[in-house]
Amino acid sequence: MSKEILAVKIQNAVKKDGKDYYEATRGNWRANKERVRKVEYVIGVMNKEVVCVYKPLSWDTVEENGKKRQRFEGEEVSQSTFNRIKNMEEAIIKGFGSGAAISYSTI
């Protein structure tokens, strides 16, 4: 059975804003409100490398600079799930469009 994933680029939030991986990965993302509710895993990507994976438990809509954004509350996945997703790193990275900060795909 395939699972919907959301991969997000987090290098700016980590390096420039000083956020940890969880805070950088959880949001605030300009993402489709309905689609994110189907996401099974959110993957944090830094410099074309999968560095963290979380399972969202709930999603909220927040307003940032007058725009609605999505963010989640979640938990870190097991090491075996992380390793399985890490092994798909190349395909996950290819999912990003030119300049895109988020990418949806299925695994």
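What you see is a predicted model; the values in this text were computed from it and never measured.
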- Task: Could you tell me whether Arg30 atom CZ has more than 12 heavy atoms of other residues or ligands within 6.0 Å of it?
- Result: no

- Query: Say you draw a straight line from OH of Tyr21 to CE of Met46; how long is it, rounded to the nearest 0.5 Å?
  - Reply: 5.0 Å

- Any donor-acceptor pair under 3.5 Å linking the side chain of Arg35 with the backbone of Ala31? no

- For Glu73, all residues meeting salt bridge (charged side-chain N to carboxylate O under 4.0 Å, His left out), sequence neighbours excluded: Arg26

- Does the side chain of Ile93 reach to within under 4.5 Å of the side chain of Val45, using non-hydrogen atoms? yes

- Item | Point-to-point distance, once rounded to the nearest 0.5 Å, from CD1 of Ile107 to CD1 of Ile85 | 4.0 Å

- Item | With sequence neighbours excluded, residues passing side chain to side chain contact (heavy atoms under 4.5 Å, CB included) with Gln79 | Phe82, Asn83

- Task: Output every pair passing salt bridge (charged side-chain N to carboxylate O under 4.0 Å, His left out) with a member in residues 7-21, not counting sequence neighbours, ordered by first then second residue.
- Result: none

- Who are the ring pair (Phe, Tyr, Trp, His ring centres under 6.0 Å) partners of Trp29, not counting sequence neighbours? none

- Between Phe96 and Val42, is there a shared hydrophobic cluster once you connect ILVMFWY residues whose side-chain heavy atoms come closer than 4.5 Å? no

- Task: Could you pull out all residues at least two apart from Glu90 that satisfy salt bridge (charged side-chain N to carboxylate O under 4.0 Å, His left out)?
- Result: Lys94

- Message: Measuring from atom CD1 of Ile92 to atom OG of Ser103, what distance do you get when rounded to the nearest 0.5 angstrom?
- Response: 8.5 Å

- Message: For Thr61, run the side-chain hydrogen bond (donor to acceptor under 3.5 Å, both in side chains) check against Gln70, Arg71, Lys68 and tell me which one passes.
- Response: Gln70

- Note on the structure: Value for NZ (Lys55) from OG (Ser78), rounded to nearest 0.5 Å, stands at 11.0 Å

- Item | Any Arg69 side-chain heavy atom under 4.5 Å of Glu63 side chain | no

- Using atom types as modelled and distance alone, determine if a side-chain donor or acceptor of Glu89 lies under 3.5 Å from a backbone N or O of Val50. yes

- Task: Please confirm whether the backbone N or O of Val39 pairs with a side-chain atom of Tyr104, one donor and one acceptor, at under 3.5 Å?
- Result: no

- Query: With the 4.5 Å side-chain cut-off for hydrophobic clustering, are Met88 and Val53 part of the same group?
  - Reply: yes

- Query: Are Val77 and Tyr41 close enough that some pair of their side-chain heavy atoms sits under 4.5 Å apart?
  - Reply: yes

- Message: Which residue in the set Val14, Ile43, Ile10 passes side chain to side chain contact (heavy atoms under 4.5 Å, CB included) when paired with Thr25?
- Response: Ile10

- Item | Within residues 96-107 or reaching into it, pairs that qualify as salt bridge (charged side-chain N to carboxylate O under 4.0 Å, His left out) - sequence neighbours excluded | none

- Message: Walk me through whether Glu49 and Lys86 qualify under salt bridge (Lys or Arg N to Asp or Glu O under 4.0 Å).
- Response: CA-CA 8 Å; Glu49 180 184 352; Lys86 179 81 170 162; 3.2 Å; yes

- Message: Does the plane of the ring in Phe72 sit parallel, tilted or perpendicular to the ring in Tyr54? Use 30° and 60° as the thresholds.
- Response: tilted

- Side-chain contact test, heavy atoms from C-beta onward, threshold under 4.5 Å: evaluate it for Thr106 versus Ile5 and give yes or no. no

- Does a donor on one side chain sit under 3.5 Å from an acceptor on the other, for Asn47 and Gln11? no

